[in-house]
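Please read the structure below before turning to the comments.
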Amino acid sequence: MPGKVLVVKDLVKSFGGLVAVNRVSLEIEEKTLTLLIGPNGSGKTTLINLITGIYKPDEGKIFFDGGEITNLHPHEIFSRGLARTFQIPKPFTKLTVLENLLVACPRNPGEGFFSALRRAKWTKSEKEAIEKAFKLLKILRLDHLWDQEAAKLSGGQMKLLEIGRALMADAKLLVMDEPVAGVNPKLAHEIFRRLVELRDRLGITMLLVEHRLDIALQYADQVYVMASGSLISSGKPKEVVVDPQVIEVYLGG
Ligand SMILES: Nc1ncnc2c1ncn2[C@@H]1O[C@H](COP(=O)(O)OP(=O)(O)OP(=O)(O)O)[C@@H](O)[C@H]1O
Ligand SMILES: [Mg+2]
């Protein structure tokens with residue numbers, strides 16, 4: 001599967017009698033931004049929870065970066081380079097923007113690290129982590145806020161910080177559940193532009209769930225559409241929006 005970062009085959013997940021994800025298969029190419037859309041309750045978050053190991057599938061297989069990850073624990077999946085953000089960002093509000101990135105770094109040397117922040121001399125790994133954090137903060141346009149407490153950030157900046165935290169772990173694929181929910185349109189476009197820049201400059205592949213199609217579609221390379229647990233359409237944004245089945249689930253409601 002050259003060039004495919006993620007391959008999902010025939011995934012099934014039921015909750016009691018409800019089939020939340022019904023034989024879903026999808027493929028994601030390297031360095032692309034894929035959008036997962038569908039009406040409320042169509043199974044998008046459940047699918048993401050399966051991919052990131054939070055739920056175990058009843059059936060089906062998941063391959064990431066050339067290896068099978070079905071049934072691995074979330075931390076094992078994460079350490080292979082599959083990171084995610086949540087619908088509600090959860091930064092450490094008392095820590096600064098920079099510290100929030102540093103604690104998310106897997107090579108974070110632990111306790112001594114914060115005292116190291118105040119020391120004149122940093123070890124090589126600390127220095128590398130800080131350089132990496134600033135590289136991400138620059139792309140996210142948060143670098144000027146590096147010593148601000150996260151609590152003081154705006155909602156949109158909080159979402160960008162959450163993305164930065166997820167990327168500290170050398171993520172190859174970043175999975176995001178509604179990264180611009182509750183953000184005004186201007187800021188939502190700004191966040192998408194930052195995501196596109198992360199894709200183009202750092203080669204990060206992205207899978208994201210989003211309801212606001214008017215904003216999100218123009219940034220997507222590929223779209224998958226779910227309805228009632230099943231995949232009903234996929235393709236380029238232009239193709240998907242004219243698919244009668246997609247129009248029906250969105251407008252036929
Ligand atoms: N842990 C759970 N236990 C029982 N039912 C669940 C659970 N998680 C999800 N479901 C059900 O599975 C179906 C799909 O839910 P899911 O959250 O995946 O939808 P979604 O597409 O993310 O919806 P939304 O757009 O509203 O976020 C829904 O009917 C939901 O009630
Ligand atoms: Mg959801």
Side-chain angles (χ1 to χ4, degrees), residues 31 33 48 52 74-184 186-208 210 219:
K31 298 173 192 171
L33 194 156
I48 279 185
T52 52
H75 68 270
E76 292 170 313
I77 295 173
F78 176 74
S79 64
R80 286 185 184 211
L82 200 165
R84 79 173 287 179
T85 64
F86 290 86
Q87 251 165 309
I88 302 158
K90 300 178 195 114
F92 294 106
T93 49
K94 292 262 184 253
L95 297 185
T96 66
V97 166
L98 177 64
E99 286 165 343
N100 260 283
L101 263 68
L102 296 177
V103 290
C105 183
R107 278 163 297 153
N108 172 4
E111 269 285 296
F113 196 61
F114 288 104
S115 51
L117 280 176
R118 290 184 285 272
R119 274 209 317 263
K121 274 191 216 148
W122 288 324
T123 67
K124 190 162 171 279
S125 73
E126 287 161 355
K127 198 162 167 270
E128 278 169 7
I130 289 164
E131 276 166 7
K132 177 163 190 184
F134 268 104
K135 189 169 165 192
L136 288 168
L137 290 176
K138 269 208 177 89
I139 297 179
L140 296 167
R141 309 290 192 269
L142 291 175
D143 49 322
H144 62 295
L145 299 170
W146 70 277
D147 61 348
Q148 282 253 352
E149 257 184 33
K152 298 208 178 102
L153 298 181
S154 70
Q157 288 167 337
M158 207 75 103
K159 284 179 190 283
L160 289 167
L161 178 65
E162 173 86 350
I163 292 162
R165 283 166 49 77
L167 290 176
M168 277 305 283
D170 291 324
K172 188 158 190 174
L173 173 65
L174 180 59
V175 177
M176 287 165 279
D177 202 349
E178 303 197 29
V180 301
V183 166
N184 73 51
K186 189 163 171 269
L187 204 52
H189 281 291
E190 175 60 22
I191 290 173
F192 269 101
R193 280 195 289 269
R194 301 283 73 84
L195 293 177
V196 166
E197 204 172 323
L198 288 166
R199 178 197 64 193
D200 296 342
R201 285 183 50 188
L202 303 182
I204 292 162
T205 309
M206 297 183 207
L207 167 62
L208 56 100
E210 195 46 66
Y219 300 98

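Reckoned from all heavy atoms, side chains included, excluding hydrogens, waters and symmetry mates. Every value quoted in this text rests on a predicted model; they were computed, and no experiment measured them.
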- Shortest non-hydrogen contact from L187 toward V183: CB-CG1, 3.3 Å
- Message: So, taking the atom named NZ in K132 and the one named CG in L202, what distance separates them when rounded to the nearest 0.5 Å?
- Response: 8.5 Å
- Query: Rounded to the nearest 0.5 Å, how far does CD of E99 lie from CD1 of I130?
  - Reply: 10.0 Å
- NZ (K152) and OG1 (T96) are apart, to the nearest 0.5 Å, by 11.0 Å
- Shortest non-hydrogen separation from M168 to A129 and the atoms involved: CE-O, 3.5 Å
- Taken in chain and number order and not counting sequence neighbours, the residues that satisfy salt bridge (Lys or Arg N to Asp or Glu O under 4.0 Å) with R80 are none
- Could you tell me whether the side chain of L98 reaches within less than 4.5 Å of the side chain of F134, counting heavy atoms only? yes
- Verify side-chain contact (heavy atoms from CB on, under 4.5 Å) between L136 and L142, making sure each step is shown before the conclusion. CA-CA 8 Å; L136 288 168; L142 291 175; over 6 Å; no
- Spacing of CD belonging to E190 relative to CG belonging to L195, to within rounding of 0.5 Å: 10.0 Å
- Item | Step-by-step side-chain contact (heavy atoms from CB on, under 4.5 Å) determination, T85 to R165 | CA-CA 9 Å; T85 64; R165 283 166 49 77; over 6 Å; no
- Has the side chain of R199 got a donor or acceptor atom that lies under 3.5 Å from a matching backbone atom of M206? no
- Electrostatic pair E162-K159, nearest N-O below 4.0 angstrom: no
- Close side-chain approach of Q157 to Q148, heavy-atom, < 4.5 Å: no
- Message: Give me the atom names and distance for the closest heavy-atom approach of N100 to A150.
- Response: ND2-CB, 3.5 Å
- In this structure, CE of M176 is separated from CD1 of I191 (nearest 0.5 Å) by 10.5 Å
- Item | For E149, salt bridge (Lys or Arg N to Asp or Glu O under 4.0 Å) partners two or more places apart | none
- Query: Side chains of F192 and L208: does their closest heavy-atom pair fall under 4.5 Å?
  - Reply: yes
- Item | Shortest non-hydrogen contact from V196 toward Y219 | CG2-CD2, 3.9 Å
- Item | From OG1 (T52) to CD1 (I77), nearest 0.5 Å | 6.5 Å
- Message: Between L145 and L161, is there a side-chain heavy-atom distance shorter than 4.5 Å?
- Response: no
- Heavy-atom closest pair (L160 atom, L140 atom, distance to 0.1 Å) is O-CD1, 3.4 Å
- Evaluate the criterion salt bridge (Lys or Arg N to Asp or Glu O under 4.0 Å) for residue pair R194 and E197; output intermediate values, then yes/no. CA-CA 5 Å; R194 301 283 73 84; E197 204 172 323; 2.7 Å; yes
- Task: Locate the shortest heavy-atom distance separating L174 from A166; write the atom from each residue and the value.
- Result: CD1-CB, 3.5 Å
